[in-house]
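Structure, as structure tokens:
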2 protein chains.
Amino acid sequence: MLVSEYDDVIRLEPTDHPDRRQGAFTESWMIGNAVNGGVVMAAGLTALRQHLSTDPQEVAEHIDPVVLSAYFMTASAPGPFTATTELMRAGRRLTTGQVSVWQDVDGEPTERMRAIASFGNLDGADTYRQSTPPDLPPPDECVSAQQAPPDFLRHNHFLDRVDIRLDPATAGWAVGKPSMRGLIQGWLRLRDPREPDTTMLALALDAFPPVAFDLGLYGWTPTLEFTGHIRRRPAPGWLRIAINTENVGGGLMEEDARIWDSAGSLVAQSRQLCGVRPA
Amino acid sequence: MLVSEYDDVIRLEPTDHPDRRQGAFTESWMIGNAVNGGVVMAAGLTALRQHLSTDPQEVAEHIDPVVLSAYFMTASAPGPFTATTELMRAGRRLTTGQVSVWQDVDGEPTERMRAIASFGNLDGADTYRQSTPPDLPPPDECVSAQQAPPDFLRHNHFLDRVDIRLDPATAGWAVGKPSMRGLIQGWLRLRDPREPDTTMLALALDAFPPVAFDLGLYGWTPTLEFTGHIRRRPAPGWLRIAINTENVGGGLMEEDARIWDSAGSLVAQSRQLCGVRPA
């Protein structure tokens, strides 16, 4: 059976407790010194959906994450993790619950991320009005993350798992020429032969390089809080992504992301609050 | 002692449990058939801050809410409520915790809202880059909510507590002429002699009429999830607010809000996911 590395990292094993599942992060998903936050969210969402679907109150069709708010407390490391989950409310349109991802640190259970999320059904969701997708050169005319220096890629295995192609007009920061607009645009797909779904969009919303780079802020911008809205099931193919920021100060900034699918439909958007640390 | 109605509704009484506080919502804060969600968030934040400040790990200066994500499960009613709180992580820059607001319904404790929030210290926060505040006519040349029909005001006591002045260019929807841009702008202050602070901004972010009205969608748009970022302590005086939406479909829409203080600084922004129900 062909299993994609993405499906592998979000695969969970049941335990004796209906509200507890186990999985493992691998080095393949590391970005810098941590497991990519989007992967932690996708795994947490998967655990929560599995739990909610076992609840007798649950509407069985609530299989799509519609909104999630995640707080990152400590950086996730490669190795086993436990996801603990709770049903908060089973409604007709949405089912809402909470999930925490834990890892052992020196034998102590340590909370990595806690999220609240609501699930619904996005099958056939109509579009009354939506943000206009950006004009982008085709993926083959964009800048691949694979063109980054080998030393950089060695510490960012995540970029072997996700194929990111940046619009050259918003990639000048990579050669020390940020546009100072606070904007990065481009394409994304998994390198696995695996089409996007609504859970994978949570990963995609947090997969681009930090938008701070385009302001010449090359330091660490850790995600403190992340909220994503998933609005449609994505069509197969490349995702078109734009991230931007408007407000930087007090050691904090927001990063907004929007994703359109290959059919041009807005499928997800997010806002995160990041810390801004000097390089 | 002069106590403002706002301070009154967020006042909490301790209980025998350090993680449980009691308060009461009053009819003064109702909008339609529910207590305004912003008031529920401000009360919840106050309870959480009080709890966190009693923890020995807590950094005492973390008195400003910096980010909160709230999920609304059931509509709050006038009457007593209980806020239960939990410390999640005490860090050097931020302290993070969780709060739930409960009310008894037919003798059953019922969760109204659950939020995760981080507190820090925004004293002297600098601004490196910010969204440009909108040009607005002065408050006296704007449309007051008090000009709404008396029958409407009778069911929305909230509008007696909060002084909202809408830019006439974005208030056409009130006379059946929505601009169809998905934009409402104007001014806000409490009617109490009470200047804004960082907790009150959570209320202000959710106080304007639904932006859906400016798209001619006059139905109910209940907040499902609300995330606010508080970025600076507001200067005294009127707050300048702009709300907008870009993505409507599948029975859902986002509503973004931004607030600038009287000095023109961006002090807070939010995004919420709302349901869109036919009128």
Side-chain angles (χ1 to χ4, degrees), chain A residues 66-74 88-89 91 93-94 96-98 100 111 114-118 120-132 180 182 215 217 224-227 229-232 245-254 256 258 265-266 269-273 275-276, chain B residues 66-74 88-89 91 93-94 96-98 100 111 114-118 120-132 180 182 215 217 224-227 229-232 245-254 256 258 265-266 269-273 275-276:
Chain A
V66 170
V67 50
L68 76 151
S69 305
Y71 282 68
F72 291 89
M73 284 165 282
T74 52
M88 290 164 57
R89 179 168 188 269
R93 290 190 183 84
L94 294 175
T96 300
Q98 180 169 309
S100 290
E111 194 171 6
R114 185 182 300 195
I116 306 176
S118 297
N121 192 297
L122 295 174
D123 186 29
D126 62 333
T127 299
Y128 174 75
R129 176 190 169 97
Q130 73 163 37
S131 309
T132 309
M180 303 306 284
L215 296 174
L217 302 168
L224 306 170
E225 179 272 343
F226 173 100
T227 294
H229 297 179
I230 313 296
R231 302 293 297 273
R232 290 174 66 100
T245 187
E246 291 191 356
N247 296 285
V248 183
L252 298 167
M253 66 187 295
E254 95 277 22
D256 287 0
R258 290 185 282 190
S265 293
L266 181 117
Q269 61 180 341
S270 64
R271 173 170 292 165
Q272 57 177 281
L273 185 68
V276 183
Chain B
V66 170
V67 50
L68 75 150
S69 305
Y71 282 68
F72 291 89
M73 284 164 281
T74 52
M88 289 163 57
R89 180 168 188 265
R93 292 189 181 85
L94 293 176
T96 300
Q98 180 169 309
S100 290
E111 194 172 5
R114 185 183 300 194
I116 305 177
S118 297
N121 192 296
L122 296 174
D123 187 27
D126 62 333
T127 298
Y128 173 77
R129 177 189 168 97
Q130 72 163 38
S131 309
T132 309
M180 303 306 284
L215 295 175
L217 302 168
L224 305 170
E225 179 273 344
F226 173 101
T227 294
H229 297 178
I230 314 295
R231 302 293 297 273
R232 291 175 65 101
T245 188
E246 290 191 356
N247 296 285
V248 183
L252 298 167
M253 65 186 295
E254 94 278 24
D256 288 359
R258 290 186 282 191
S265 294
L266 182 118
Q269 60 181 342
S270 63
R271 173 170 292 164
Q272 58 177 277
L273 185 67
V276 182

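Within every chain, numbering begins at 1; the chains are lettered A, B, ... in the order of the sequence lines, protein sequences first and strands thereafter.
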Practice task
Go through A:Gln98 and B:Gln98 one step at a time and tell me if the side-chain hydrogen bond (donor to acceptor under 3.5 Å, both in side chains) criterion holds.
Solution key: CA-CA 11 Å; A:Gln98 180 169 309; B:Gln98 180 169 309; 3.2 Å; yes
What's the shortest heavy-atom distance between B:Ile116 and A:Tyr71, and which atoms?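 Nearest pair, atom of B:Ile116 first, then A:Tyr71: O-OH, 3.0 Å.
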Would you check if [X] and [Y] make a side-chain contact, meaning some heavy-atom pair closer than 4.5 Å?
| X | Y | answer |
| --- | --- | --- |
| A:Arg231 | B:Asn247 | yes |
| B:Val276 | A:Tyr128 | no |
| B:Gln269 | A:Glu246 | no |

**OP:** Apply side chain to side chain contact (heavy atoms under 4.5 Å, CB included) to B:Val67 and A:Leu224, showing your working.
**Re:** CA-CA 9 Å; B:Val67 50; A:Leu224 306 170; 5.6 Å; no
If I measure from the heavy atoms of chain B, does [X] come under 4.5 Å with its side chain, its backbone, both, or neither?
| X | result |
| --- | --- |
| A:Thr96 | side chain |
| A:Ser265 | neither |
| A:Ser118 | both |
| A:Ala117 | backbone |

Between the CG atom in B:Leu273 and the CD1 atom in A:Ile230, the distance rounded to the nearest 0.5 Å is 10.5 Å
Separation of A:Met88 CE from B:Glu111 CD (nearest 0.5 Å):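 Those atoms lie 5.0 Å apart.
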Considering only heavy atoms, which portion of B:Arg232 lies under 4.5 Å from any heavy atom of chain A: side chain, backbone, both, or neither?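 Neither the backbone nor the side chain of B:Arg232 comes within 4.5 Å of chain A.
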**Asked** For B:Leu252, is it the side chain, the backbone, both, or neither that has a heavy atom closer than 4.5 Å to a heavy atom of chain A?
**Response**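 Answer is both: backbone and side chain atoms of B:Leu252 are under 4.5 Å from chain A.
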inquiry  = Looking only at side-chain N and O atoms, does A:Ser69 offer a donor or acceptor that is under 3.5 Å from a partner on B:Glu225?
reply    = yes
Checked A:Met253, A:Gln130, A:Arg114, A:Arg258 vs chain B; the most non-hydrogen pairs under 4.5 Å come from A:Arg114
(message) Set out, in order, the CA-CA distance, both residues' side-chain angles and the distance that settles side chain to side chain contact (heavy atoms under 4.5 Å, CB included) for B:Leu215 and A:Arg129, then state yes or no.
(response) CA-CA 10 Å; B:Leu215 295 175; A:Arg129 176 190 169 97; 3.3 Å; yes
